[in-house]
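Below is one structure, written out as structure tokens; comments come after it.
None of these values were measured; they are calculated from a predicted model. Atoms considered below: every heavy atom in the structure, side chains included; atoms not considered: hydrogens, waters and symmetry mates.
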Amino acid sequence: MTIIAGSLKDRDASVIADIGRLRFSPLSLIGGRGSRLTEEGGRQILDLSASGGAASLGYGHPAIVEAVEKSVRDAAGASLLLYPNEPAVALAERLLGTIPGSGQRRVWFGHSGSDANDCALRVVTAATERQRIISFIGSYHGNLTGSMGISGHTAMTHTLPRAGTLLLPYPDPFRPEFSANSVLELLDYQFRTTCPPEQVAAVFIEPLLSDGGLIVPPTGFLAQLQQRCRQHGILIVVDEVKVGLARTGLMHCFQHECLEPDLVVFGKGFGGGLPLSAVVGPASIMDHAPAFVLQTTAGNPISTAAGGAVLKVIEEDNLVERSQRMGKRLLDRVSDLAAKHAIIGDVRGRGLSIGIDLVKDRGTREAVPVTTTAKIIYRAYQLGAALYYVGLRANVLELVPPLILTESEVDEGVAIIGQSIEDVFAGKVSDADVLPFMMW
Ligand SMILES: *Cc1c(COP(=O)(O)O)cnc(C)c1O
């Protein structure tokens, strides 16, 4: 056994591979309760990241503790692949109840957003017998072979796109290099030339571009895209991994644009911190063949019991409405900050999914360098809040806190962000401080 003396961070660096981590601050954890994380040494940190959106109900939520404890203590097997189990079937029934639609529908369970998008990719190509896929520059669908190959994030240029993938620009209202119309025209041109629509299986969409910079698409763009797809028999896969299940102030983010997706992909907050993902779609697509997308412990009773608790708490505690209300408070408070700090070029989002776009100059909207973003994150950590940055220019502070965040925690979080901006401008964080934490 290798044991290295020192801090948790140093021990982590000695034994955990450096090919699968995204660290934006020195925060190392020994516990967590509610919206607060406990750092080594015992300091409490307000978590504005929900651990990448996974901790939808925060940490140590009693409903999750109870559901998980029960399903571990009296475990209905460990594999949905091998035996039906009560928590998984009940969760599938409950999840289907939240998604508008009719006819025979099916749920597939996995462990992560990545495996769920791989599953979706496999079933759409099999069901349509078409090989091409459309997705977007800036989108992130995961890190397995399939999902990585159809992602368009600039942090992923270490890998080649999947053959047959067409990446389109995602229209960004704040930096309108491509308007919604010009993207649709580009798509039409592709259809007329090198991407025959009858060869396209599906379009994968993030209904709010998350890791690509918290971009809310222009109203009507997704509906027009859907209309194009319908004309050509192209399936619509909506990736709700980061923005689904109450995060954006509606149960599903695609409902903001009245989309009617064929497949919906869930992950992150769905498991409330446990590994859990799902793909939902018509039986005609999903019931492809036995032994088609197998994982032994997928749909296990522990993760699915946690997912059941998440959906139950969302319903019973009205977290959809709460996300809308707290999200508005957060957006308003951050907009107030923008009046004092010219570095805040734009504040945008839906519900509790808010982005703060940092600019050098409000006129040109040029993004700040990544060191500036990293310094603000670092200072916020020092002052007691955890958050991340996203975006193709690494200049967007991402606020995706637990859905249980309280009003006073909203105010506390915003005050820390305001103070962090002030302190960074006062030179309280050095380049050397943040060098190890500029992750994309
Ligand atoms: C994070 C993310 C994924 C991948 O989920 P993992 O659980 O990290 O595999 C897929 N799609 C979107 C939109 C995401 O934000």
Notebook entry, point to check: Less than 4.5 Å apart, any side-chain heavy atom of Met438 and any of Tyr389?
Noted result: yes
Note to self: To the nearest 0.5 Å, what is the distance between OG1 on Thr154 and CG on Asp211?
What the structure shows: 10.0 Å
Notebook entry, point to check: Which one of Tyr388, Tyr381, Phe437 satisfies the ring-ring contact (aromatic ring centres under 6.0 Å, His included) criterion with Phe24?
Noted result: Tyr388
Check: Does the side chain of Ser135 reach to within under 4.5 Å of the side chain of Leu167, using non-hydrogen atoms?
Finding: yes
Checklist line | Tyr59 versus Ser51, side-chain donor and acceptor atoms under 3.5 Å | finding: yes
Checklist line | Min side-chain heavy-atom separation Arg322-Leu403 under 4.5 Å | finding: no
Check: Is Lys242 paired with Glu206 through a side-chain N to carboxylate O contact shorter than 4.0 Å?
Finding: no
Margin query: Between Ser277 (side chain only) and Ser112 (backbone N and O only), is there a donor and an acceptor less than 3.5 Å apart?
Written below: yes
Note to self: Can you tell me how far apart CZ (Arg247) and NE2 (His252) are? Round to the nearest 0.5 Å.
What the structure shows: 15.0 Å
Note to self: Using 0.5 Å steps for rounding, measure from the CD atom of Gln255 to the OG1 atom of Thr98.
What the structure shows: 8.0 Å
Check: Do Asp262 and Arg230 have side chains that get closer than 4.5 Å, going by heavy atoms?
Finding: yes
Note to self: We want to know whether His256 and Thr248 form a side-chain donor-acceptor pair, criterion being a heavy-atom distance below 3.5 angstrom.
What the structure shows: yes
Next item on the list: Run through Val396, Leu331, Leu208 and flag the one making a side-chain contact (heavy atoms from CB on, under 4.5 Å) with Arg348.
Entry: Val396
Notebook entry, point to check: Which is it for Ser147 and Phe204 under the side chain to side chain contact (heavy atoms under 4.5 Å, CB included) test, yes or no, and what are the steps along the way?
Noted result: CA-CA 10 Å; Ser147 52; Phe204 280 67; over 6 Å; no
Next item on the list: Please list, chain by chain and in numerical order, all residues satisfying salt bridge (Lys or Arg N to Asp or Glu O under 4.0 Å) with Arg132, sequence neighbours excluded.
Entry: none
Check: Does atom CZ of Arg73 have more than 12 heavy-atom neighbours, drawn from other residues, nucleotides or ligands, at distances under 6.0 Å?
Finding: no
Notebook entry, point to check: Is a side-chain N or O of Arg122 found less than 3.5 angstrom from the main chain of Phe292, in a donor-acceptor match?
Noted result: yes
Check: Can you find a side-chain donor-acceptor pair between Thr297 and His111 that sits under 3.5 Å?
Finding: yes
Check: Heavy atoms, side chains only, cut-off 4.5 Å: are Val334 and Leu397 in contact?
Finding: no
Margin query: According to salt bridge (Lys or Arg N to Asp or Glu O under 4.0 Å), who are the partners of Glu129, at least two apart in sequence or on a separate chain?
Written below: none
Checklist line | Separation between OG of Ser335 and CD1 of Ile356, rounded to the nearest 0.5 Å | finding: 9.0 Å
Margin query: Pairing donors with acceptors under 3.5 angstrom, does anything connect the side chains of Glu39 and Ser28?
Written below: no
